[in-house]
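To keep things clear, I will list the structure first and then write my remarks on it.
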There are 2 protein chains.
Amino acid sequence: MNIGEAAKASGVSAKMIRYYESVGLIDPATRSEAGYRVYSENDLHVLRFIKRARTMGFPMERITVLLGLWRDGDRNSAEVKKLALGHVVELERQIAEMQAVADTLRKLAATCHGDNRPHCPILDDLSAEHEAPARTPKRRRA
Amino acid sequence: MNIGEAAKASGVSAKMIRYYESVGLIDPATRSEAGYRVYSENDLHVLRFIKRARTMGFPMERITVLLGLWRDGDRNSAEVKKLALGHVVELERQIAEMQAVADTLRKLAATCHGDNRPHCPILDDLSAEHEAPARTPKRRRA
DNA sequence: ATAGGGCTTCCCATCATGGGAAGGTCAAGG
DNA sequence: CCTTGACCTTCCCATGATGGGAAGCCCTAT
C-alpha cells in the first residue's frame, strides 16, 4: 500500500512517516517503480507501535530503543521493564511538579476575591521575589 | 544595568530577554549611547514576573494577558482568577492524562517477568492494535 | 487525453530555548 | 595610549515533533 493508506491505517500522518524514515527511526520503505513508498502489513505494525508509544508519551529516543528490543527476538524482558518503569518515574516526576503548581494556584485563587476590584494575591505572588535565581555573589564565577 | 546583570538578577537568560522583547512580550529596553540595552529595577520586576509565570507553566500567550492585567491598575481581580483557574484546569487535564499512562505502564510492568527471557507483555501491548485511529469508512469524508 | 488526486522532495513555520559567529564597546592595567 | 578580555550587538542555525504549502511527477477513471 502507498503512504496515504498506511497513514490512515496506522494513525501516523504521511508527513510523520517520512520524518521517521528520515531520522532513521524506521527503515526506508521499499519503493515502487515510480518511486512511491510501499508499505507492508509488518510496516503498519511498526507504525502502530510507534503511534502507541508516542501516545504513551515515550520520547523518540526511548522509542528507538523499544523498537530495537521489539525486533530483537532474543531480548531480555528485564530491559523492557526497566525502560517502562523509567518512563513511569519520569511521568511521576512531572505529575508531582504540575500538582505542586496547581496546588499553589488553587491556594492563591482561593484568597483572591475574584470581583471587580483590582487587588489580587495571584498577581502579588507572581510579582513577588521568590528564591533568587542562583545569585552569583558579585564575582562572576569565583 | 546591562542585559547580563539583568539576566543574572532575574533568572531570565539574556537570550530570552531579547526574545521577549522581539515578540513584544516586554517593551523595548531603553538603550545606552552605544546601543546597549539598559534595565531599571522595574524592568527587573517584570522579568521576574515572567520568570515566575513560566515556571508555573503558564504559556506565553496567557502571560501576555497576565502582564497586561498586572500593569492595569484598574483590572478586575475576577479576570486574573479566571485565568489562574483556567490554567489549573489545564494542568489537571494533563495530570490525569499522564496518570492514566503511568497506571497502564505500571500494570503492564507488573505482569512482565523482567528476567532474561524475551516474552514481555509491555511490548505485546505496544504492538497490539488499539482503537483504530479515526477509521474513515471508505469514503474519504462522506 | 484530460482532470483529480496522490505521491515525491524541498522549504518554511511553529514554541521556547540555546549555541555561536562577526563585530562594536568598555574598563582596567601595562 | 594601546591591548586585553569581558561584555554587548545582530544574525543565523538547531532543537523535537509536527504541520503547511509549492513545484512537479504519476496513476486512474472518465
Side-chain angles (χ1 to χ4, degrees), chain A residues 1-26 28-39 43 47 49-67 87 90 94 133-134 136 138-142, chain B residues 1-26 28-39 43 47 49-67 87 90 94 133-134 136 138-142:
Chain A
M1 79 191 74
N2 286 345
I3 198 171
E5 208 177 336
K8 242 178 268 180
S10 67
V12 180
S13 73
K15 280 271 187 189
M16 289 314 298
I17 296 177
R18 294 195 197 97
Y19 171 72
Y20 290 153
E21 182 182 311
S22 81
V23 298
L25 183 60
I26 58 180
T30 56
R31 301 293 185 117
S32 72
E33 299 258 326
Y36 284 21
R37 286 176 182 80
V38 176
Y39 295 90
D43 294 330
L47 289 173
F49 183 102
I50 295 172
K51 172 75 177 177
R52 173 92 173 139
R54 288 290 306 136
T55 301
M56 292 271 210
F58 279 92
M60 304 278 298
E61 198 189 312
R62 238 185 275 251
I63 295 180
T64 307
V65 183
L66 279 173
L67 272 175
H87 187 51
E90 175 62 18
Q94 288 178 30
T136 354
K138 296 303 178 275
R139 272 141 206 84
R140 54 206 172 337
R141 202 157 309 114
Chain B
M1 77 192 76
N2 287 344
I3 199 171
E5 209 178 334
K8 242 179 265 176
S10 67
V12 180
S13 73
K15 279 272 188 194
M16 288 314 297
I17 295 176
R18 295 194 196 98
Y19 171 72
Y20 290 153
E21 182 183 310
S22 81
V23 297
L25 184 59
I26 58 180
T30 56
R31 301 293 185 116
S32 73
E33 298 259 327
Y36 284 21
R37 288 178 182 77
V38 176
Y39 295 89
D43 294 331
L47 288 173
F49 184 103
I50 295 172
K51 172 74 177 176
R52 173 89 173 138
R54 287 292 305 139
T55 301
M56 291 271 210
F58 279 92
M60 304 280 295
E61 198 189 312
R62 240 185 274 251
I63 294 180
T64 308
V65 183
L66 279 173
L67 272 176
H87 187 51
E90 176 62 17
Q94 288 177 31
T136 355
K138 296 301 178 278
R139 274 145 205 81
R140 51 199 172 343
R141 204 157 308 114

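Chain identifiers are assigned alphabetically (A, B, ...) following the order of the sequence lines, protein sequences preceding nucleic acid strands; residue numbering begins at 1 within each chain.
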Taking atom CE of A:Met60 and atom OH of A:Tyr19, what is their separation to the nearest 0.5 Å?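 Nearest 0.5 Å value for the CE-OH distance: 5.0 Å.
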Under 4.5 Å between any side-chain heavy atoms of A:Leu25 and A:Ile50, yes or no?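 In contact.
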Residue pair A:Ile26 / A:Ile17, side-chain heavy-atom distance below 4.5 Å: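 The answer is yes; the side chains approach within 4.5 Å.
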Apply side-chain contact (heavy atoms from CB on, under 4.5 Å) to B:Glu90 and list each qualifying residue two or more places apart in sequence or on a separate chain.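 Scan of B:Glu90 (side-chain contact (heavy atoms from CB on, under 4.5 Å), adjacent residues dropped) gives B:Arg93, B:Gln94.
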For A:Ser13, enumerate each residue passing the side-chain contact (heavy atoms from CB on, under 4.5 Å) test, keeping only those at least two apart in sequence or located in another chain.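 Per chain and number, A:Ser13 pairs via side-chain contact (heavy atoms from CB on, under 4.5 Å) with A:Lys15, A:Met16.
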If the test is side chain to side chain contact (heavy atoms under 4.5 Å, CB included), which one of A:Met56, A:Glu61, A:Arg54 qualifies with A:Phe58?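 That would be A:Met56.
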Nucleotide by nucleotide, 5' to 3', does protein get under 4.0 Å of the base (B), only the sugar-phosphate (S), or neither (-) in nucleotides 25-30 of chain D, counting heavy atoms? -BS---
Spacing of [X] atom [atom1] relative to [N] atom [atom2], expressed in whole Å:
| X | N | atom1 | atom2 | result |
| --- | --- | --- | --- | --- |
| B:Ile3 | C:dT25 | CD1 | P | 17 Å |
| B:Asn2 | C:dA27 | CG | P | 9 Å |
| A:Tyr19 | D:dA17 | OH | C1' | 5 Å |
| B:Ile63 | C:dC15 | CD1 | C1' | 12 Å |
| B:Ile17 | C:dT17 | CD1 | P | 12 Å |
| B:Met1 | D:dC7 | CE | C1' | 16 Å |
| B:Met56 | C:dA16 | CE | C1' | 19 Å |
| B:Glu21 | D:dC8 | CD | P | 14 Å |

Using a cutoff of under 3.5 Å, can you pull out all pairs of nitrogen or oxygen atoms linking the protein to nucleotides 21-23 of chain D, with atom names and distances?
from, atom 1, to, atom 2, distance (Å)
D:dG21, O6, A:Lys15, NZ, 2.4

Pick base, sugar-phosphate or nothing for B:Arg54, based on heavy-atom distances below 4.0 Å to the nucleic acid.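 The answer is sugar-phosphate, as B:Arg54 gets under 4.0 Å only of primed atoms, P, OP1 or OP2.
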Quick check: closest heavy atoms across B:Ile3 and B:Ala14, and the distance to 0.1 Å?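 Nearest pair, atom of B:Ile3 first, then B:Ala14: CD1-O, 3.7 Å.
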Which heavy atom in B:His87 sits nearest to a heavy atom in B:Gly57, and how many Å separate them?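 Heavy-atom minimum between the residues: CE1-O, 3.0 Å.
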Examine [N]: is either OP1 or OP2 under 4.0 Å from a nitrogen or oxygen in the side chain of [X]? Give yes or no.
| X | N | answer |
| --- | --- | --- |
| B:Arg37 | C:dT25 | no |
| B:Tyr20 | C:dT17 | yes |
| B:Ser13 | C:dG18 | yes |

Residue mapping more 5' on DNA chain D - nearest nucleotide basis, A:Met16 or B:Gly4: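 Closer to the 5' end of DNA chain D: B:Gly4.
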Estimated bend of the helix from C:dA1-D:dT30 to C:dG30-D:dC1 (axis per five terminal pairs, rounded to 10 degrees):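 It works out to 30° between the end axes.
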With sequence neighbours left out, what residues match B:Tyr39 under ring pair (Phe, Tyr, Trp, His ring centres under 6.0 Å)?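 Result, ring pair (Phe, Tyr, Trp, His ring centres under 6.0 Å) vs B:Tyr39: none returned.
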Non-neighbouring partners of B:Tyr20 that pass ring pair (Phe, Tyr, Trp, His ring centres under 6.0 Å), sequence neighbours left out: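 None.
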Return the nearest nucleotide to the side chain of A:Arg31; candidates are D:dA17, D:dT9, C:dT8.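 Of the options given, the side chain of A:Arg31 lies nearest C:dT8.
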From the set C:dT8, C:dC15, D:dT10, return the single nucleotide nearest to any side-chain atom of A:Arg18.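 The closest nucleotide is C:dT8.
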Side-chain donor/acceptor pairs under 3.5 Å, residues 28-38 of chain B, sequence neighbours excluded:
from, atom 1, to, atom 2, distance (Å)
B:Thr30, OG1, B:Val38, O, 3.4
B:Arg31, NH1, B:Gly35, O, 2.8
B:Ser32, OG, B:Ala34, N, 3.3
B:Ser32, OG, B:Tyr36, N, 3.1
B:Arg37, NE, B:Glu21, OE1, 3.0

